[in-house]
Structures are given as structure tokens and as C-alpha cells.
Amino acid sequence: MLKALSACLLATCFACVAYAAPATLRVVSDDNYPPYLFLGPDHQPRGYLVDEWKLWEQKTGIHVQLVATDWADAQRMLLDGKADVIEMIFRTPEREALYDFTVPYARVTVGLYADSSISGIDSVDALHGFEVGVERGDACIEHLRQHGITAVRAYRGYTDMIAAVDRRDVRILCMDDYPANYYLYKFGEGDRFHRAFEMYAGEFHRGVRKGDLGTVALVDNGMKLITDEERDALQRKWMGRPVSFTPYAQIFAYALAAVVLVGLALTVWVFTLRRAVDRRTKDLGFLAYHDALTRLPNRFLLVDRIDHALRHGEGLKVVVFLIGLDYFKRVNESFGHAVGDRLIVEMAHRLSGMEQVTNVARISGDAFAMTMQGALETAAITTTAERILRTVAKGFAWEGRTIFVTASVGISIHPDDGNDGASLLKHADAALGFAKREGRGRFRFYNASLTQKAQGLLELGEGLRRALQHNDFVLLYQPQVDLRTGRVVGVEALLRWQSEEFGLVTPERFIPYAEETGLIEPIGHWVLLEACHRLAHWRRQGLPELRMAVNLSPKQFSNLGLVEHITDALGSSGVPARLIELEITEGSLLEYGPMVADMLSQLRSLGLSFAIDDFGTGYSSLAYLHRFPIQVLKIDRSFLGGVPDDADAVALISTIIALARDMHMRVLAEGVENAAQWNFLRDMGCDGAQGWFIGRPMTSDEFEQWLAGTPVFPAAGVSP
Ligand code: C2E
Ligand code: MG
Ligand code: MG
């Protein structure tokens, strides 16, 4: 069926050239051109073309008689009419006259092969003087001739040429690359010869005698009937599987992807490893200076930090507190180490959260340390030690139970107890030993006299608490006089503590401690209430209108309840706000700046007035006089001592008076002890005076009597 169809197609085509298809097509070919056509061991032709012509024969139904012979004979047979088609022929100018050609079907290259001992042959022109072995009738001969090379030795076929090579008859060959590779290798000459250069490339055609176009069409059309798959199969059989890179590329891509993935995984792994190592290294570095459980600095780092603080905190005290947990072993024994650890972590947390302390460190299993730095009074240190004891002693909740632990604290202070971290820590440790020996749950200073002092302060604290409960405080009143009129215009309320133990204690002894412990807040509240109610009482008694000056501690400004306390005192007593003058120090204004400004303006709007107490002794930064609503400057009594002889004191007082006048403030001098001071102040234009010369601080009863007997201060105008 297929054959009939093919023949029909061919007939259609051949009709146009008036061609009668032959029953047999005689094809002649070179017999030594592997892999296209060569003689097998049985001397029968084989190769790509043999199979291709068989296919052609099948497709066209025309019998093919294939004759393989030497190349020159093959050409002669065609030209003599003994064959219809010659295979594997290049188109050359000389051959154009003799042949017609089919379409090309293969591209082949022709090389110049030379004995390896001959070098320097790089082109056709270099072949002058050499004899070149060629196959008879080969296109190579024509090519060489075109370059003037005529010294050729022609052989019947490639096998003869190789035999001549073997005999050393010829050492340079012109051969098509396919058969050259085949024969040189086959006959063991592969190592001896090298391909010097490519002579030319040509295309294989099939040739017919000139004018025999019918056969050209017959051959070409027949060849077209061979499918691509069939041709591929031939290629694979004779030329080997053309190396297809597609599957390799795919494999390569997979391999590459795998390598990349493995590389990535490795990189990630190495990176993770490195980070882990870095972290571990950092951890190790960290752990060299920190406690693993609490992450707090350890002893080494603490010593280093204390040394650093000592180097950079010139003149300031550095206090080291060493805190030992009492009977901590019992916690471990009773509840297990896990609970012990939790408790330690909890303590670390609590101690780190304490105010005013720095450098909290874990020194050993059951000991912590911390430091405090500044211009510290014993009271402040004592208060902190107490706070530490209270902080530790708060119960530790564990599974519905509360574990109570106490601490002992040892304290050392630079500069007295040491000038470096190590010795301060050593002495704090010794002090901790004292505390433990004396019964634990307490603190001890390395310097025993400080412990005594602290003991006194502690007793003071206890006493103050009791005093508040038992109302053991009392206010004394010191008169303030208008220097121009000599009239008493006000009093300053001065606090006293009537202690059974200590007698009448002046504020300078207990106020700092009250400030440290926060007791100043209830005490201050009491003072305000007492002063206002006393003034209200006097008003009810019909005493002349007096202004009541009440002292406020800087610490009271940190208490947001202050404004409330004042309004409470005013409200409950019914005293008009304009009669209350609050005495504050320069320090309060600077230390609690923004908060104070807010409070002062609130209180000012209520009608209260403000006096700067001890003016001239503080920072004397005059800027705040503008910023805050101040009505009175109280010249500190220390300046009065030199009046009227000390020129500096005189200059200072006159400057303060002038300043106050410029700023529309009143000036009141305190500590006026004699008439000379009185006269001087009056002459300078000072507004008011307060001091022993006028009257000492008195109880309210004393004051009432005193005032009754002194309607106008008598000494206005007295001479010293
Ligand atoms: P201050 O407000 O400057 O009070 C004046 C101090 O000078 C009083 O001492 C007073 O007794 C003393 N004084 C008065 N006239 C003379 C004099 O002519 N010569 C001498 N040498 N001294 C005189 P006081 O009562 O011991 O008070 C000391 C400080 O205690 C007060 O200084 C004040 O800052 C503070 N203070 C007093 N009462 C309170 C209070 O209720 N609350 C607060 N926070 N502090 C108070
Ligand atoms: Mg005062
Ligand atoms: Mg004062």
C-alpha cells in the first residue's frame, strides 16, 4: 500500500521530467569510508549508506544495487554508464562539468594528518616540499592543486594509504576525518599521527552523470521518504548516539541543585554552628563575670566595678553592702535545691529592683552584694541597710506556703574602710561576720563606731514612730517683726520632739532621718495641721493678725499628697490661705524643679505665699526666682554674724535686699541677735527680722503671753 502510494508520488514527479523510473538503481561508492561505507571482515560493504539505501529501496520499491569499490573506479563506473548514482561525492568546480548532484546530506571535514615527528605544518601552504598521501580521485587532490601542491602519492583507497604509512612510504596524509579516525586507530597508527589542520569542509552529495536530472529527483524524493526517526536510528547505529546534553543537562541541573542545596544546608549548618559557638563563647565569656543562675555580676566583676567607681567618683563615698541570707542551707535541706534556686533568683530580682543602689552582684551561694555612691550620711546608709533587711525578709511564696528568710548585712565604706574593691569587699565580709555572730537579721558596719551611730539612728527611728503615735511632737513659735513698724507680723513654726528618752530634740537631729525613712510625710502633715489650728485658735482669741510660716522639707515635694495636706489643714482650721507662708529651700526648687513649679502654682492660686529659707547658702541660682512664685527671701542667719563689721557680709546682705526690692519681694533676716544687727538691717531697708534679739522660739502659751506684753517691739530705733 505504502509502496504503491510512493511509486504513485514519484511517478507524478518524474512525469514532469519525462523520466521512466528504472527497475534497479545502480549505486556505486567508495569502499573505504567508514562509517558511511566500508568493507566488513566478510568483505561485504556495510555502513550507514548501505542501510540508508536499503530503506530507500523499501520506500521506493526500486531495487538498489550497491557496488563498493575504490574511489577512482567508482567515479569511472558512473561516467562509463556502469552505475546510475555515485555516493559520497563533494561538489568541486572540476566535477561540476561531469556530474549533477543531489541535495547534500552530510557535512564532513577533511584533515591533514602528519607523522607526530613532523611539526610546523599549519596550513596547506606549509605542505610545499612534502609528499602528501591521497586517495585516488579524492577531492583533496583538486584542493591541493589549487594551492600549488602537486607532490601527491595516490593510493587505491584509505586502507592502502594506511599500509603505506605503516611501511613509512608516506608520512603526511590528506584524509576525510571520519575514515581517518577509523583507520588510523584500527591499524595502530593513531599515536603516530596527529591532525595538523583542517584542509577544508565539504558536503556529501550523490552524483549522477551530467544531465541525468531524473535520477537526481528519483534519489532525492526517495530519500525524503525516510523518516526522521529512521534516520536517527541510522545515526545512532553508525555514528554512535549523538551526545545529547539534554538528559545530562537535566542530570547536571539536578546535581547542581542538589549541590546547591547541600551547600546551602552546609552553610546554614556552619552558620548555626558558628552562632552556637559564638553564643557559647559569649556565654563562657559572660559566665566568667556573671552568675549563671541569676545572671548577676559575680565577685570579679563587682570588684572591677567598684574599682571603676572609685577611680571616677572623686570625693564621693562608695558604700559596699554584703548581704548574707541567714540559714539558707536549711531552705535547701527542707525544700530541695530547686526551691533554693528559685528563692535565690527571687532575691536577685528584689535586690536589683531597689532604688539608690547599684552593682547588685551574687558573690557566693547565699550572698549578694551591692553598692551605693554619693555624699552619703550615716542615716542614709543605715536606712538603705534597713531597706535591704526588709526587702529580703518579705515572705517567699512557694506552693501555697510562705518561706521566710532573713539576711545579715555587712557594710564597708570608702574611703575609711578601703581604697579598692577587693579590700572593701573583704571588710564588708568581716562586718557580715559581726552581724552573723551578733544574732543575724541585722546589719553591721566594718567601723564599729558607725554601727553605734547607726544604732542610735535606729533607736531614733523607733522613737519617731512612737512619737507620731503618741503625739510627742510640739511646735514652737518664733516671732517675726516688721522692721519699719516694730510690730509682730508673723511667727515661724519650729518643730520639736519631746522625747522621754532624749529630752527635747531639735529638728536638725531628726529631720534628716525622717526624710530618709519617709517619716517626714506624716510628720509634715501633723505640722501643717497643728500650725493652722494654732493660728485659727489665736484668731479666735482675738490676737492681732499674724502670718504663720511653716517649714517644708524638700522631700515633702516628692509626695503628691502635699497639696492635699495643705488644703486639708486650711479647710479643717478655717484659716485663710493668705496667712500661711511656706518656707522652702533653694535645694527643693532645684532638685524637684518641674514638680515643684506645678505644686507652687497650684498653692499660689489658693492664696498661699512662699519664702526661700536660708537664702544665700544654697545654689543661689537666681534663675529660679523668676520661674517660681516667691514672695519672701529669708537671709540666712550665718550672714548676720558678721554684721555690721564684716564688709563682705554687709555687701552680700545689701545685694540681697536690693535684689528682692527689684523683684518686688519682701526680705526677712533671720538670726538677729543684737541691736546692731537690727539697726543695720532697718537702715538697709530690710523688711522684716526674726531672731533671739526679738524672741526665742516659744510654746504657744509662752508666745501668747509674750505677745500680750509686747504690743509693739520696743527696740525700734534702739542703739547698740
Ligand atoms: P530654719 O527654718 O532656718 O529655722 C530657723 C532656725 O534658727 C531655728 O532652729 C531657730 O531656732 C534658729 N534661730 C532663730 N533665731 C535664732 C538666732 O537669733 N540665733 C540662732 N543661733 N538661731 C536662731 P531650729 O528650730 O532648730 O530649726 C532648725 C531647722 O529645722 C529650721 O531652720 C528648719 O529648716 C528645720 N525645721 C524646723 N521646723 C521644721 C518643720 O516643722 N518642718 C521641717 N521640714 N523643717 C523644720
Ligand atoms: Mg525656716
Ligand atoms: Mg533659716
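Both ligands and their constituent atoms are indexed starting at 1 by order of listing. Quick note: numbers below take in every heavy atom, side chains included, and nothing from hydrogens, waters or symmetry partners.
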Parallel, tilted or perpendicular: ring planes of Phe473 versus Trp497, cut at 30 and 60 degrees: tilted

Near-ring test Trp538/Tyr477, centroid separation under 6.0 angstrom: yes

Arg604 to Phe628, cation-pi by 6.0 Å centre distance and 45° axis angle: no

Residue Asp614, metal the Mg ion (ligand 3), N/O/S under 2.8 Å: yes

Side chain to side chain donor-acceptor pair (under 3.5 Å) partner of His414, chosen from Thr371, Asp420, Asn419: Asn419

Ligand 1 contact on Pro507 by region, counting heavy-atom pairs under 4.0 Å: side chain

Qualifying residue, where the test is side-chain contact (heavy atoms from CB on, under 4.5 Å) with Phe615 and the options are Ile630, Val667, Leu659: Leu659

Distance (rounded to the nearest 0.5 Å) between Gln498 CD and His470 NE2: 14.5 Å

Part of Asp636 within contact of ligand 1 (heavy atoms, under 4.0 Å): neither

Those atoms of ligand 1 less than 4.0 Å from some heavy atom in Glu583: 2 (O)

Residue, atom name and distance, where the atom is the protein heavy atom closest to atom 3 (O) of ligand 1: Asp614 OD1, 3.1 Å

4.5 Å side-chain heavy-atom contact, Pro554 and Thr585: yes

Name, closest N/O/S atom of Glu670 to the Mg ion (ligand 3): OE2

Shortest protein contact, atom 16 (C) of ligand 1 (heavy atom only): Trp692 NE1, 3.3 Å

For Val672, the ligand 1 atoms whose distance to one of its heavy atoms is below 4.0 Å: 18 (O)

Exceeds 12 heavy-atom contacts within 6.0 angstrom, atom CD of Glu500: no

Enclosure of Glu704 CD (heavy-atom neighbours >12, cutoff 6.0 Å): yes

For atom 38 (N) of ligand 1, the protein heavy atom that lies nearest, with its residue and separation: Leu495 N, 3.1 Å

Heavy atoms of other groups near Glu702 CD, more than 12 under 6.0 Å: yes

Ligand 1 versus Val527: contacting region, heavy-atom distance under 4.0 Å: side chain

Shortest protein heavy-atom distance from atom 44 (N) of ligand 1, along with the residue and atom involved: Ser553 N, 3.4 Å

Electrostatic pair Arg466-Glu459, nearest N-O below 4.0 angstrom: no

Shortest protein contact, atom 31 (C) of ligand 1 (heavy atom only): Leu494 CD2, 4.3 Å

Close approach, Gln690 and ligand 1, non-hydrogen under 4.0 angstrom: no

Atom indices of ligand 1, in the order listed, that fall short of 4.0 Å to a heavy atom of Pro697: 11 (O)

Top protein contact for atom 15 (N) of ligand 1, by heavy-atom distance: Gln478 NE2, 2.8 Å

Phe443 and Phe445 aromatic ring geometry - parallel, tilted or perpendicular at 30°/60° bounds: perpendicular

Plane angle bin for Tyr446 and Phe434 - parallel if under 30°, tilted between 30 and 60°, otherwise perpendicular: parallel

Any N/O pair Ile511/ligand 1 closer than 3.5 Å: no

Residue Glu670 vicinity, atoms of ligand 1 by number, heavy atom under 4.0 Å: 3 (O), 5 (C)

Which atom of Glu492 approaches the Mg ion (ligand 2) most closely (N/O/S): OE2

Proximity winner for atom 6 (C) of ligand 1, if only heavy atoms of Arg637, Glu508, Glu515, Lys634 are counted: Arg637

Gly691 neighbourhood, listing ligand 1 atoms whose heavy-atom distance to it stays under 4.0 Å: 15 (N), 18 (O)

The Mg ion (ligand 2) to nearest N/O/S of Glu583 below 2.8 Å: yes

Heteroatom test (N, O or S) for Asp613 near the Mg ion (ligand 2), limit 2.8 Å: yes

Glu492 side chain to Gln480 side chain, donor-acceptor N/O pair below 3.5 angstrom: no

Closest protein heavy atom (residue, atom, distance) for atom 21 (N) of ligand 1: Glu673 OE2, 3.2 Å

Nearest non-hydrogen protein atom, atom 45 (N) of ligand 1: Asn551 CB, 3.6 Å

Close approach of Glu492 to ligand 1, heavy atoms, under 4.0 angstrom: yes

Ring-ring centroid check His533 His537, cutoff 6.0 Å: no

Passing option when Glu581 is tested against Arg666, Lys634, Gln631 for side chain to side chain donor-acceptor pair (under 3.5 Å): Arg666

Close-contact set for ligand 1 against Gly671 heavy atoms, below 4.0 Å: 16 (C), 17 (C), 18 (O)

Region of Asp613 engaging ligand 1 - heavy atom pairs below 4.0 Å: side chain

